[in-house]
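Indexing begins at 1, ligand by ligand and atom by atom, following the structure's order.
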Amino acid sequence: MSGTSRICGVIGDPIEHSMSPVMHNAAFEKIGLNYLYVPFRVKKEELGKAIAGMRALNIRGLNVTIPHKVAVIPFLDELDPLAQRIGAVNTIVNDDGALTGYNTDATGFLQALLERGIEPREKNAVVLGAGGASRAISLILAERGSNLIILNRTWDKATEYASWISQICHREAKALKLNRENLARALSNADILVNATSIGMSPNSNETPVSPDLFKPPLTVFDIVYNPIKTRLLREAEAAGAETISGVDMLVWQGALAFELWTGAKAPVKLMREEAIKGLKEYEN
Ligand code: ATR
């Protein structure tokens, strides 16, 4: 560190299991950037003060995680149009006191698909869940031109979001209640299935949202859960002959795209992935 060092970090609560510090600090070092990435545990009621602190301390960039992704918006000066449409921010860039909010969860998800050679345009995509993560994913899929079906345990939430997506994307998104019958119907001609619920996340790693007999390859199954790295859903999808993408890929790409917004440098994605996997394995053990 020196007088010209720049600081980035992540705000959330809890924050101690975040993989972002190891990913970003390894990336800064590799590229030879004089930056440091710090985790900050920020309680809900301290969010405004934390953002004022970002300005006062001239912190270059922050990632924003649970529970602040929506609540942070009123404290920012500008929103990138995609973050505005999603209504959530996971990355802030500080340009000489002007704070702009971005959503690299959405762009990171898309990048993780494209990196694997999967172009969602005109594909049938089934998204499970209608929470924060699902909203970013569903919107970017619809904007890219996927035919979207959202399934959620609480049907009202799925319907509300699907009709909003249909309105802004001028393409119909369907909503169904998450149950076996509807899953079977949706998966009968699906190209992409995304689990954007927390089903299967440690310590409930024996759970899965989809019974394996419903997989109809060719199918790509993307699980945003990255803890465990290989969820039961991914193991069973792989066994059924589906292509699988782990939540680690979305974690890495949302980080890589944030890194590029802060530094202007190309992110060392391979290294960031290795660091994330190393950190997650330590956490699993
Ligand atoms: P996130 O921001 O990570 O998306 P969230 O906003 O709390 O988190 O959303 C969690 C999602 O997982 C929701 O879609 C939730 O369904 P409900 O809207 O019905 O609550 C879904 N979810 C979590 N646990 C679930 C379970 N055991 N069965 C079905 N859906 C579940």
Side-chain angles (χ1 to χ4, degrees), residues 10-15 17-20 42 44 47 63-73 82-83 85-91 101-110 112 125-142 148-165 173-184 186-187 193-212 214 221-228 231-234 236 245-255 280:
V10 55
I11 55 170
D13 186 18
I15 206 65
H17 297 306
S18 173
M19 293 301 139
S20 295
V42 173
K44 265 189 183 167
L47 180 60
N63 282 133
V64 182
T65 188
I66 291 167
H68 304 312
K69 289 185 184 187
V70 176
V72 76
I73 290 176
L82 177 65
R85 290 196 294 279
I86 294 167
V89 160
N90 82 317
T91 300
Y102 295 85
N103 192 308
T104 69
D105 287 330
T107 48
F109 168 81
L110 179 62
V126 175
V127 176
L128 312 182
S134 161
R135 286 168 185 241
I137 289 166
S138 301
L139 186 79
I140 201 130
L141 281 172
L148 191 65
I149 305 181
I150 302 172
L151 290 97
N152 196 45
R153 175 177 60 184
T154 312
W155 183 67
D156 291 7
K157 265 166 74 181
T159 322
E160 200 183 299
Y161 203 61
S163 51
W164 183 76
I165 285 183
K174 290 196 194 111
L176 295 171
K177 183 164 168 56
L178 179 57
N179 59 33
R180 190 186 153 88
E181 191 190 339
N182 286 336
L183 260 176
L187 290 178
L193 166 69
V194 184
N195 175 36
T197 74
S198 48
I199 300 171
M201 191 186 290
S202 176
N204 302 315
S205 49
N206 60 334
E207 290 178 5
T208 178
V210 182
S211 170
L214 298 181
V221 179
F222 196 140
D223 198 341
I224 70 156
V225 172
Y226 54 77
N227 170 31
T231 57
R232 179 172 168 194
L233 174 71
L234 292 188
E236 292 180 346
I245 307 181
S246 153
V248 176
D249 290 27
M250 180 170 163
L251 172 72
V252 167
W253 276 107
Q254 66 73 32
L280 287 166

Legend entry - Under the salt bridge (Lys or Arg N to Asp or Glu O under 4.0 Å) test, residues paired with Asp223 that sit two or more places apart: none
Legend entry - Per-ligand residue contacts, ligand 1, heavy-atom threshold under 4.0 Å: Gly129, Ala130, Gly131, Gly132, Ala133, Asn152, Arg153, Thr154, Lys157, Thr197, Ser198, Ile199
Legend entry - Rounded distance (nearest 0.5 Å) linking atom OG1 of Thr91 with atom CG of Asn63: 4.5 Å
Inset, instruction - Nearest 0.5 Å please: distance from the CG atom of Asn103 over to the CZ atom of Arg135. - result: 12.5 Å
Inset, instruction - Can you sort out the partners of Asp13 under side chain to side chain contact (heavy atoms under 4.5 Å, CB included), two or more places apart, ordered by chain and number? - result: Arg41, Lys43, Pro67
Legend entry - Donor + acceptor pair across side chains of Asn195, Thr197 (<3.5 Å): yes
Inset, instruction - Return the set of residues passing salt bridge (Lys or Arg N to Asp or Glu O under 4.0 Å) with Arg153 (not counting sequence neighbours), or none when no residue passes. - result: none
